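A note on names: the letters A, B, ... follow the listed sequences, proteins ahead of strands, and every chain is numbered from 1. Worth saying up front: this structure is predicted, and the values here are computed from it rather than measured.
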Amino acid sequence: MHMTAIAATAATLLLATLTAVAQGTASVEGTVTLPKPTAQAKPTSRYTGQTGALAAPEPPTAIVYLEGVPLLPEDKPATNVVQVVQKGMQFGLGLLVVRRGTRVEFPNGDDFYHNVFSYSKAKRFDLGRFLKDEKPAAVTFDQPGVVKLYCEIHEHMRGSVLVLDTPYFVKTDTNGVYRLTGLPAGQFKLKAWIDEKLVHELPVDLKAGAPTRVNFPGSP
Amino acid sequence: MKALPTAALFLLMFAAQPAYAQEELLQRLDDSLSYQSSKGFFRSELSGLVDIEGYFIDHRPPGLLFGNADLFNPRLSLFLDTHLGEQFYSLVQFRADRGFDPRTVPDGDVRFDEYLLRWTPWADGRLNVQAGKFATVFGKWVQRHDSWQNPFITAPLAYENVTTVTDQAAPGTRAAFLGRRNLPDQKATWLPVVWGPAYSSGASAFGQLNKFNYAFEFKNAAISARPTAWDAQDLGWENPTVSARLAHTPNAAWNYGVSASHGAYLLPAADATVPGGYGRNSYRQTTIGTDLSWSHHGWQVWGEAIVARFQVPNVGNADTFTYFIETKYKFTPNLFAAVRWNQQLFDTVPDGAGGAQHWDRNVFRVDTALGYRFTRHLQGKLQYSFLHENGPIQQGEQLLAAQLTIKF
C-alpha cells in the first residue's frame with residue numbers, strides 16, 4: 001500500500017477512535033462502601049474557652065473516577081471556580097474533587113478569622129487570615145494529587161482536595177452511591193478514592209448506551 | 001542528665017529526615033494518641049512539644065535564663081486534653097526540662113505545670129468556670145506563650161525582666177533597696193512584673209458575651225510570683241491575688257483589652273522581716289495593663305502596656321512601666337519573621353536623704369526572629385536580641401538563640 005494511503009487510513013482510524021471517546025455515551029454506577037463516620041473532634045481552647053458554635057463535619061464520602069482515558073487535544077486544564085465555605089469552624093466540603101487548573105475560593109462564613117494552608121506536595125500555600133466580608137481568598141490547583149487543607153487558627157479543621165487530570169469523576173453521596181455519566185466506551189480503570197491510604201481500583205469495560213455497575217470493594 | 005544530649009542528638013537526626021517521612025510518622029503518632037468513645041461523649045487526646053534550645057550570650061544571661069554562661073535547654077511538654085460531653089474539659093500539662101525557667105534545675109526536672117477542670121454550662125461559651133493550676137488571665141501574651149505559637153524564643157520584657165523587688169525579705173533601708181540597682185540580677189530572689197504565664201493555683205470564671213470577653217481569677221500567688229510559689233501545696237490562699245481582664249473584639253481583625261491584678265507578693269519567708277505591726281498581706285502588687293492586637297492576611301501585631309506598683313516594706317511604692325510592640329509577618333507558607341520592641345522604665349522612690357532616685361535601671365530590648373515551619377509538626381526559630389540597661393552593668397546585651405520544635 002502506498003505510504004500516503006497508509007497514513008490516511010491510520011488518521012481515519014485515530015479520528016474514529018477519538019470520536020468514539022469524545023462521544024461519551026457510556027456510564028457507570030454503583031456504591032462505595034464508606035468508612036463509618038467518626039465522632040467529631042472537639043476544638044481545644046486551653047486559654048480562651050469556646051469561641052463559637054461548632055458545625056458537624058461533612059460525613060465520609062468517596063471520589064470515583066476513570067483512569068486511562070487518553071486526553072483529547074481540546075482537553076485543557078479547567079478554568080472554573082469552586083467555593084469551599086468555612087463555617088461553624090469546619091470546611092464546608094471536607095472532600096472536594098476538582099480537575100487540574102480549577103480555582104478554589106475559600107469564603108469565610110464565620111464572624112471570626114479563618115485561614116487555609118497546606119504543605120502538600122501537590123500544592124503548598126497559605127492564604128493568611130481573612131475576614132467574612134472580604135473577597136474570598138483563592139488558590140489555583142495546577143498539579144494533580146492530594147492537597148490536605150488545614151486552618152492554623154482552628155487546628156481541628158481538616159479538608160482534602162483531590163486534583164485530577166481527568167474530567168471523568170464524581171463524588172458519591174453520603175451513602176456511597178454514585179453515577180458517572182458521559183463516559184467514553186472502552187476498557188479503563190475505575191478508581192474509588194476514600195482517603196490517601198484507601199483507594200480501590202477495578203478494571204471496567206464500558207459500552208456505549210449500556211450502564212455498567214461497579215461496587216467498591218467487590219466485583220463489577 | 002547524660003540522657004539529654006543523646007535525646008537531643010536523636011531529635012536532631014529525626015529533624016534531618018525527609019519532611020514527608022517525618023510528617024507521616026508524626027501524623028501516625030497524632031492519630032494514635034487520642035481515644036474517643038463510640039459516640040464521642042468522652043474524648044481524650046495526648047499531644048506534645050519537644051523543644052531543643054540553645055542560648056549564646058555575651059554577658060550574664062538576661063531575663064529568666066539562669067546561670068552564667070551559654071545554655072543548652074531541651075524540654076518535653078505533654079498535654080492531655082480531655083472532653084467529657086459538651087460541658088466538661090480538663091487539661092494536664094506535664095514537663096520534663098532543666099527547670100521551668102532554663103537552667104533553674106540544671107540536672108533536670110519533671111513537673112505538672114498545669115492541671116485544671118473546666119465546666120462550660122452553655123455551648124455559646126458565655127460562661128466557663130475552672131479550678132486548678134493554670135495560666136493567668138492577665139494580659140494577652142499568655143494565650144500564645146507556647147513555643148509553637150510564640151514567634152520568639154523568649155518572652156516579652158514585661159514577662160521576664162527581673163526587677164530589684166524581692167518576695168523573700170523586706171529591705172532593711174531605702175538605701176539598701178536602691179543599692180540593688182548596682183548588682184547583677186539575683187534571679188533566685190528578685191521578681192519580674194509578670195513571671196511568664198504565671199501558672200498559679202486557684203479558680204477562674206471567663207466567657208464571651210457578644211463581642212466582649214471577660215475573665216476573672218482568684219489565685220494563691222501574685223502574677224509576679226516565682227514558679228515555686230505557684231503550687232497550692234507550697235502556698236495557700238491566705239493572701240490571695242485577684243486578676244481580671246475585659247476585652248472587646250469589634251471585628252475579627254482587632255482586639256483590645258484591659259487587665260488588672262491585685263494581691264500580696266511577699267512569701268512567708270518575708271514575714272519575719274517586715275516592720276512590726278504589719279504582715280506580708282500589707283504589701284501588695286497592683287498591676288494594670290492594656291493590650292491591643294490586630295491581624296490581617298500575613299500580618300499579626302500585638303502590643304501591651306503595663307503599669308505595676310509594688311508596696312515595698314521600709315521603702316514605699318515602687319512603680320514601673322513596661323510595654324512592648326510586636327509584629328510577625330509570614331513571607332511564604334513556611335517562612336516568617338518577627339520584630340519586637342520592649343522597654344521598661346522605673347519611677348523614683350525616696351532615697352532617705354531628702355531626694356528621690358530611680359529604683360532600678362531603665363532598660364530597652366529589641367528582639368528579632370526568623371522562623372521556618374518545615375511541616376505541620378516541625379518548626380525552627382532563630383532569635384537575635386539586643387538589650388541595653390542604663391547603668392554600668394549589662395546583662396545579656398546580645399543574645400542569639402535557636403530553637404527546634406517538634407509538635408505532635
Side-chain angles (χ1 to χ4, degrees), chain A residues 36-57 86 88-89 108-135 137 139 146-153 155-158 195-197, chain B residues 19-20 23 27 34 36-43 45 47 79 81 83 86 89 91 93 114 116 118 120 122-128 130 134-137 142-146 149 197 206-208 211 213 215 249 251-253 295-300 330 332-334 373-377:
Chain A
K36 288 181 181 172
T38 53
Q40 179 176 17
K42 291 180 168 61
T44 297
S45 301
R46 290 178 185 143
Y47 302 117
T48 56
Q50 179 74 15
T51 53
L54 183 65
Q86 290 172 284
M89 290 185 278
N108 179 357
D110 285 320
D111 291 327
F112 39 83
Y113 265 133
H114 276 302
N115 158 267
V116 188
F117 76 93
S118 179
Y119 291 153
S120 297
K121 275 186 200 172
K123 194 70 184 179
R124 183 169 285 228
F125 67 96
D126 188 323
L127 299 178
R129 291 165 182 240
F130 47 91
L131 294 162
K132 184 176 189 177
D133 299 326
E134 70 180 303
K135 186 172 181 290
V139 62
V146 181
V147 182
K148 308 278 272 183
L149 304 177
Y150 302 96
C151 171
E152 73 168 1
I153 303 163
E155 283 197 20
H156 68 281
M157 289 176 65
R158 298 279 191 279
D195 60 41
E196 279 180 298
K197 294 171 191 159
Chain B
Y20 64 87
E23 186 66 15
Q27 191 58 54
S34 64
Q36 184 159 284
S37 60
S38 58
K39 291 184 180 173
F41 182 77
F42 176 87
R43 178 180 172 82
E45 184 170 359
S47 58
F79 304 89
D81 296 279
H83 294 267
E86 298 297 323
Y89 164 77
L91 164 68
Q93 184 190 167
E114 285 185 286
L116 64 90
R118 180 184 301 166
T120 305
W122 291 282
D124 62 5
R126 75 184 81 160
L127 174 67
N128 303 267
Q130 72 181 29
F134 52 86
T136 182
V137 301
V142 169
Q143 295 173 15
R144 56 186 180 90
H145 72 281
D146 74 45
Q149 294 187 69
F206 61 95
Q208 183 178 22
K211 294 186 172 183
N213 285 84
T249 305
N251 59 50
S295 57
H296 195 53
H297 294 179
W299 287 99
Q300 288 178 271
K330 206 182 278 184
T332 72
N334 305 88
R373 282 203 177 164
F374 298 91
T375 68
R376 284 180 60 239
H377 299 282

Honestly, the part of B:S47 sitting under 4.5 Å from a heavy atom of chain A is side chain

So, the part of B:V137 with a heavy atom under 4.5 Å from chain A: the answer is neither

- For A:G128, does its backbone N or O pair with a side-chain atom of A:N115 as donor and acceptor, under 3.5 Å? yes

Contacts of A:K123 meeting side chain to side chain contact (heavy atoms under 4.5 Å, CB included) (sequence neighbours excluded), chain-then-number -> A:F125, A:V139, A:F141, A:D142, A:V147

Whatever's closer than 4.5 Å to a heavy atom in chain A on B:A215 counts as neither

inquiry  = What I'd like to find out is whether the side chain of A:M89 reaches to under 4.5 Å of the side chain of A:F112, using heavy atoms alone.
reply    = yes

Cut-off 4.5 Å, heavy atoms of chain B, and the answer for A:F117 is side chain

The salt bridge (charged side-chain N to carboxylate O under 4.0 Å, His left out) partners of B:D146 (sequence neighbours excluded) come to none

To the nearest 0.5 Å, atom CH2 of B:W122 lies from atom CG of B:L127 at 6.0 Å

One should read off an interatomic distance between B:Q208 CD and B:D124 CG, to the nearest 0.5 angstrom, of 8.0 Å

So, the part of B:K330 with a heavy atom under 4.5 Å from chain A: the answer is side chain

Are any of the side-chain nitrogens in B:E114 or A:R46 under 4.0 Å away from the carboxylate oxygens of its partner? no

Of the listed B:Q149, B:R373, B:E45, the one with the largest count of heavy-atom pairs under 4.5 Å with chain A is B:R373

Pair count under 4.5 Å, heavy atoms only, with chain A: among B:G298, B:S37, B:A253, B:A252, highest is B:A252

Okay, B:H296 and chain A: the region with an atom under 4.5 Å from a heavy atom over there is both

Interface check, chain A: of B:R144, B:Q143, B:R126, most non-hydrogen pairs under 4.5 Å belong to B:Q143

Whatever's closer than 4.5 Å to a heavy atom in chain A on B:Q36 counts as side chain

*asked:* What I want to check is whether the side chains of A:N108 and A:Y113 have a donor and an acceptor closer together than 3.5 Å.
replied: no

Whatever's closer than 4.5 Å to a heavy atom in chain A on B:R376 counts as both

Applying a strict 4.5 Å limit to non-hydrogen atoms, the region of B:F134 in contact with chain A is neither

